[in-house]
Amino acid sequence: MAGKKKRGPSPEIKVRLTRCRRQIKSCGASALLLYNHVDCFYLTGFTGDESAVLVTAKDVHIISDGRFEGEVAKEVPWATTWMRRGMLNDEIVKACKSLKIKNLAIQPGHCSVGDHAELKGKLKGVRLIPAPPIVASMRIIKSASELAALRKAIKIAEDAFRATRQTIRIGQTETEMAARLEYEMKRRGASAPAFSTICAEGANGAIPHAVPGTRKVRKGSSILFDWGARVGRYNSDLTRMVFFGSIPQKIEEIYGVVLKAQIAATKAIRPGVRMCDVDAVARKIVGDAGFGERFTHGLGHGLGLEVHEGPSLSWRSKEKLAPGMVVTVEPGIYLPRIGGVRIEDDVLVTKTGHRVLTSFNKTLRSAVI
Ligand code: GLY
Ligand code: MN
């Protein structure tokens, strides 16, 4: 059932919708259908998931269900709502027919083959237009309010890590340390960890996305922490090493290389520089030290409403950095059966260069507890 409500969107949402509508028009469509709930939130402020948003030239339509009645009323009272009793796609079809939409832009990255077939079958005479990533590309450049949210998420993550470091003792498992860090973030205001906290002791540090397990802290342990806080829906993402008492010799060697690469790549960040060229700065330092094969992932990624979003700071991307982007810089060296080192900061591209948003100490000495 459709119901129309009043009270307009915030100025920031209005600007986003205007920019979005311009792009809907330029891909030859009269409306855009969004299934991706992060994009839906960015464009409307509606937090419900398993819903859809339909943006037309004049209106925004939220297609949702009874579970999100409260959110719809509170967050998007200005939108037209379609509260389904049946299936989501059937309600979308109903809305499109009632609005007489003829050219519908869809998100190819988020509309499944099944959804596409269903819409195509039920919306006879409607052209489904695979749109470029309209909302994802808007999300790459952060506004002042988004930056404020990111800074909060970073502060909470860093304060929580400081507190957690003080509680590390011989005999603790990776799982216990990761749980402690997540607890410390939540008690400081995080709604959730930004992702499942990585805590990898010893040889587990050689697995870039190690899952915390039963390995225990011992004298001379090298422990990799990769963590972040989700605060007000924005995420932080950091990686730091902790050395318990002393540093294994090989790990000390690669720490120096990774830190040098991380600092040099960060220095290269400024508007107009290609992503692949920043990646190359770090990769050359790691390669020259003889560990090129063991730096097995890209240098970094965009950060915001999602932990991994555009832009991709990697050798694959010829795109250029621009003011307002926030990226992680996280080179790593992973030595199977020995261990690994990764150091990660969150960096804002400014008009003239960059600003490192994270501030947790990363010198070798400071990593020893
Ligand atoms: N912090 C996890 C990652 O960037 O993949
Ligand atoms: Mn990361």
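Both backbone and side-chain heavy atoms feed into the values below; hydrogens, waters and symmetry mates do not. The first residue in the sequence is number 1, and the count goes up from there. Predicted model, so just to flag it, every value in this text is computed and none were measured.
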Closest non-hydrogen atom pair, [X] against [Y]:
X: Ala105; Y: Cys27; value: CB-SG, 4.2 Å
X: Tyr334; Y: Ala206; value: CB-O, 3.3 Å
X: Ala367; Y: Arg165; value: CA-NH1, 4.0 Å
X: Ala153; Y: Ser236; value: O-OG, 2.8 Å
X: Leu33; Y: Ala52; value: CD1-CB, 4.1 Å
X: Gly213; Y: Thr175; value: O-OG1, 2.9 Å

Counting N and O atoms only, with roles assigned by atom type, does the side chain of [X] sit under 3.5 Å from a partner on the main chain of [Y], one being a donor and the other an acceptor?
X: Glu201; Y: Thr173; answer: no
X: Asn235; Y: Leu305; answer: yes
X: Lys124; Y: Gly121; answer: yes
X: His301; Y: Val307; answer: yes
X: Arg21; Y: Ala57; answer: yes
X: Asp346; Y: Thr328; answer: no
X: Ser222; Y: Phe243; answer: no
X: His354; Y: Thr266; answer: yes
X: Ser317; Y: Ser314; answer: no
X: Ser30; Y: Ile101; answer: no

Side chains of [X] and [Y] in contact at under 4.5 Å (non-hydrogen atoms):
X: Arg218; Y: Ser221; result: yes
X: Arg16; Y: Ser143; result: yes
X: His110; Y: Leu34; result: no
X: Ile106; Y: Tyr35; result: no
X: Leu150; Y: Lys142; result: yes
X: Thr296; Y: Arg294; result: yes
X: Trp78; Y: Val76; result: yes
X: Glu319; Y: Met325; result: no

**Request:** Could you walk me through whether Asp49 and Phe41 pass side chain to side chain contact (heavy atoms under 4.5 Å, CB included), step by step?
**Result:** CA-CA 9 Å; Asp49 56 11; Phe41 171 74; over 6 Å; no
**Evaluation steps, side chain to side chain contact (heavy atoms under 4.5 Å, CB included), between Val211 and Glu174** = CA-CA 9 Å; Val211 176; Glu174 296 165 328; over 6 Å; no
Assigning hydrophobic clusters by single linkage (Ile, Leu, Val, Met, Phe, Trp, Tyr; side-chain heavy-atom cutoff under 4.5 Å), is [X] placed with [Y]?
X: Ile207; Y: Leu224; result: no
X: Ile141; Y: Leu43; result: no
X: Met241; Y: Ile247; result: yes
X: Ile251; Y: Leu364; result: yes
X: Met275; Y: Leu348; result: no

Can you tell whether the side chains of [X] and [Y] come within less than 4.0 Å, N to carboxylate O?
X: Lys362; Y: Glu330; result: no
X: Asp345; Y: Arg240; result: yes
X: Arg84; Y: Glu91; result: no
X: Asp90; Y: Lys94; result: no
X: Glu176; Y: Arg180; result: no

Rounded to the nearest 0.5 Å, how far does [atom2] of [Y] lie from [atom1] of [X]?
X: Leu104; Y: Lys120; atom1: CG; atom2: NZ; result: 12.5 Å
X: Leu335; Y: Glu293; atom1: CG; atom2: CD; result: 12.5 Å
X: Cys111; Y: Leu119; atom1: SG; atom2: CG; result: 5.5 Å
X: Leu128; Y: His116; atom1: CG; atom2: NE2; result: 4.5 Å
X: Ile333; Y: Arg342; atom1: CD1; atom2: CZ; result: 12.0 Å
X: Leu17; Y: Thr44; atom1: CG; atom2: OG1; result: 8.0 Å

Residue pair [X] / [Y], side-chain donor-acceptor N/O under 3.5 Å:
X: Thr47; Y: Glu71; result: no
X: Tyr234; Y: Glu146; result: yes
X: Gln107; Y: Asn36; result: no
X: Thr56; Y: Asp59; result: no
X: Ser359; Y: Glu158; result: yes

Neighbour count >12 (heavy atoms, 6.0 Å) for atom [atom1], [X]:
X: Glu12; atom1: CD; value: yes
X: Arg162; atom1: CZ; value: yes
X: Tyr183; atom1: OH; value: no
X: Arg270; atom1: CZ; value: no

**Asked** For Leu181, which fellow cluster members are found when Ile, Leu, Val, Met, Phe, Trp and Tyr are connected by side-chain heavy-atom distances below 4.5 angstrom, either directly or through intermediates?
**Response** Ile156, Phe161, Ile168, Ile170, Met177, Met185, Val217, Ile223, Phe225, Trp227, Val231, Leu238, Val242, Phe244, Phe360, Ile369
**Request:** Take Ile13 and Val60, measure what side chain to side chain contact (heavy atoms under 4.5 Å, CB included) needs, and give me the verdict at the end.
**Result:** CA-CA 11 Å; Ile13 295 289; Val60 171; over 6 Å; no
**Request:** Could you give me the CA-CA distance, side-chain angles and deciding distance for Asp237 and Phe195, then say whether side chain to side chain contact (heavy atoms under 4.5 Å, CB included) is met?
**Result:** CA-CA 9 Å; Asp237 184 9; Phe195 50 91; 3.4 Å; yes
